[in-house]
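Remarks on the structure that follows.
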Amino acid sequence: MRIATWNVNSIRARVDRVTAFLERHDVDVLAIQETKCRDDQFPHLPFEALGYEVAHVGHNQWNGVAVVSRVGLEDVQVGFAGMPGWGEPVAAEARALSAVCRGVRIVSLYVPNGRGLDDPHMVYKLDWLARLRDAAHGWLEEDPQAQVALMGDWNIAPQDEDVWSMEYYLDKSHVSPPERAAFQAVLDAGYTDVVRPHTPGPGTYTYWDYTQLRFPKRQGMRIDFALATPALAERVEHAEIDREERKGKGASDHAPVIVDLRA
DNA sequence: ATGGTTGACCCTCAA
């Protein structure tokens with residue numbers, strides 16, 4: 001089974017590219033982030049025409065996550081237990097959705113952007129990650145054999161080699177010790193980054209800013225990850241980042257991350 | 001000059 005994750009930066013602007021990607025790579029399940037649309041605006045038809053079922057949550061033009069699958073889509077859960085909200089009044093954002101696809105719970109995650117080290121959004125981000133860790137830990141406590149994939153845009157570069165310049169990011173979001181500790185806490189809860197071993201750095205990235213010619217200059221960040229429970233991690237036989245998808249007109253600023261599982 | 005791009009609820013905000 002082949003699963004993947006991709007921050008598409010608007011599903012309506014990118015639908016042709018996304019469906020072409022599914023076909024080209026023969027992907028069974030795709031976790032999508034930043035659909036940037038409401039549920040009624042999601043382009044279901046192109047996916048259904050290719051044999052995929054769609055589960056999506058989107059409240060407005062911000063955020064929005066989905067799971068599309070051609071190997072079953074059961075027990076869809078919007079958000080996760082304890083997921084913090086944002087705003088006035090506080091409300092849940094469309095940043096997490098999961099479904100069981102052929103026995104594997106695929107979780108599509110769009111971790112809040114902390115914006116700045118002293119920004120209120122950073123407090124929200126760290127709280128959100130702490131609660132995600134608790135929920136993820138709970139799934140594993142409940143069933144140590146659970147097959148769960150936490151896939152998405154984490155907005156964290158866990159290691160120095162995951163950014164093109166530590167000097168550039170030192171006073172910015174994504175590399176700060178609290179963010180890295182929040183990511184590590186998920187690993188400590190029993191999850192493994194199943195992509196890094198197959199895509200070693202340095203210089204291996206999943207995101208390149210649209211501005212400043214970051215992509216041609218190879219100045220990116222590795223911030224999109226697939227974390228797996230032990231029972232799922234042992235099934236991983238290959239993983240890759242499809243850098244080709246960052247090329248050309250109409251590219252998202254993120255590249256898709258692909259994981260191959262043994263039957 | 002310093003966000004040089006992209007996308008969304010036209011337009012400022014978010015990334």
Side-chain angles (χ1 to χ4, degrees), chain A residues 5-21 31-44 46 56-66 84-88 90-96 108-129 151-158 162-165 167-176 179 182-183 205-225 241-257:
Chain A
T5 182
W6 194 4
N7 178 323
V8 299
N9 185 24
S10 169
I11 190 62
R12 288 176 292 173
R14 216 79 63 207
V15 63
D16 291 346
R17 240 179 133 122
V18 174
T19 51
F21 164 77
I32 303 175
Q33 299 85 40
E34 277 210 91
T35 60
K36 288 187 166 179
C37 68
R38 298 185 307 267
D39 291 340
D40 62 285
Q41 297 173 309
F42 191 99
H44 284 79
H56 173 259
V57 60
H59 305 310
N60 49 41
Q61 71 271 46
W62 308 124
N63 315 308
V65 287
W86 175 260
E88 186 55 55
V90 174
E93 295 188 304
R95 294 183 176 277
S108 182
L109 297 166
Y110 180 42
V111 174
N113 190 317
R115 302 194 184 183
L117 299 183
D118 298 323
D119 196 295
H121 290 87
M122 182 60 76
V123 177
Y124 172 49
K125 176 181 191 174
L126 295 173
D127 185 34
W128 202 93
L129 283 161
M151 309 180 81
D153 176 357
W154 293 73
N155 271 315
I156 299 171
D162 296 336
V163 294
W164 63 274
S165 163
E167 184 184 20
Y168 178 82
Y169 283 105
L170 220 43
D171 60 343
K172 299 178 179 66
S173 173
H174 292 64
V175 302
S176 71
E179 290 168 276
F183 185 85
Y205 308 125
T206 64
Y207 162 87
W208 299 260
D209 196 301
Y210 281 125
T211 69
Q212 311 287 350
L213 299 173
R214 292 296 187 212
F215 183 64
K217 288 166 154 173
R218 299 182 175 271
Q219 297 177 336
M221 307 174 85
R222 190 203 288 257
I223 57 175
D224 300 87
F225 297 95
I241 297 162
D242 184 12
R243 213 177 159 278
E244 295 298 306
E245 275 299 342
R246 184 59 181 80
K247 297 181 179 175
K249 193 168 169 60
S252 167
D253 43 3
H254 293 253
V257 178

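FYI, side chains are in, hydrogens and waters are out, and symmetry mates aren't considered; it's all heavy atoms of this structure. Chain naming here is simple, since letters A, B, ... match the order of the sequence lines and numbering starts at 1 in each.
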Subject >> Atom pair NZ/CD of A/Lys217 and A/Gln212 - distance to nearest 0.5 Å >> reply: 6.0 Å

Subject >> A/Ser252: side-chain hydrogen bond (donor to acceptor under 3.5 Å, both in side chains) partners, not counting sequence neighbours >> reply: none

**OP:** Please round to the nearest 0.5 Å and tell me the distance separating atom CH2 of A/Trp6 and atom CD of A/Gln33.
**Re:** 11.0 Å

Subject >> A/Asp253 vs A/Gly250, nearer the 5' end of DNA chain B by closest nucleotide >> reply: A/Gly250

Original post:
Which nucleotide of DNA chain B is the first, and which the last, in the 5' to 3' direction, to come under 4.0 Å of a heavy atom belonging to chain A?
Top reply: B/dG3 to B/dA15

Subject >> Strand contacts (DNA chain B) in residues 110-119 of chain A, 4.0 angstrom heavy-atom criterion >> reply: A/Tyr110, A/Asn113, A/Arg115

Original post:
If the C1' atom of B/dC11 is compared with that of B/dT6, how far apart are they to the nearest Å?
Top reply: 14 Å

Subject >> Donor-acceptor contact present, side-chain A/Arg95 to main-chain A/Val65, <3.5 Å >> reply: no

**OP:** Specify the residue among A/Glu34 and A/Cys37 whose closest nucleotide of DNA chain B lies further upstream toward the 5′ end.
**Re:** A/Cys37

**OP:** Indicate, with a heavy-atom threshold strictly under 4.0 Å, whether A/Gln41 touches base, sugar-phosphate, or nothing.
**Re:** sugar-phosphate

Original post:
For DNA chain B, what residues of residues 206-217 of chain A have any heavy atom nearer than 4.0 Å?
Top reply: A/Asp209, A/Tyr210, A/Thr211, A/Gln212, A/Leu213

**OP:** Could you list the residues that satisfy salt bridge (Lys or Arg N to Asp or Glu O under 4.0 Å) with A/Asp39, not counting sequence neighbours?
**Re:** none

Subject >> Validation row: A/Ile223, A/Asn7 side chains within 4.5 angstrom (heavy atoms) >> reply: no

**OP:** Give a yes-or-no answer on whether the side chains of A/Ser165 and A/Gln219 include a donor-acceptor pair shorter than 3.5 Å.
**Re:** no

Original post:
Would you find a donor on one side and an acceptor on the other, under 3.5 Å apart, between the side chain of A/Arg12 and the backbone of A/Lys36?
Top reply: yes

**OP:** Check the side chains of A/Asp153 and A/Tyr207 for a donor-acceptor pair under 3.5 angstrom, ignoring hydrogens and angles.
**Re:** no

Original post:
What residues form a ring-ring contact (aromatic ring centres under 6.0 Å, His included) with A/Phe215, not counting sequence neighbours?
Top reply: A/Trp208

Subject >> Integer angstrom distance from the P of B/dC9 to that of B/dT5 >> reply: 22 Å

Subject >> Rounded C1' spacing from B/dT12 to B/dG3 in Å >> reply: 14 Å

**OP:** Anything under 30° is parallel, anything over 60° is perpendicular, the rest tilted; go ahead and classify A/Phe225 against A/Phe183.
**Re:** tilted

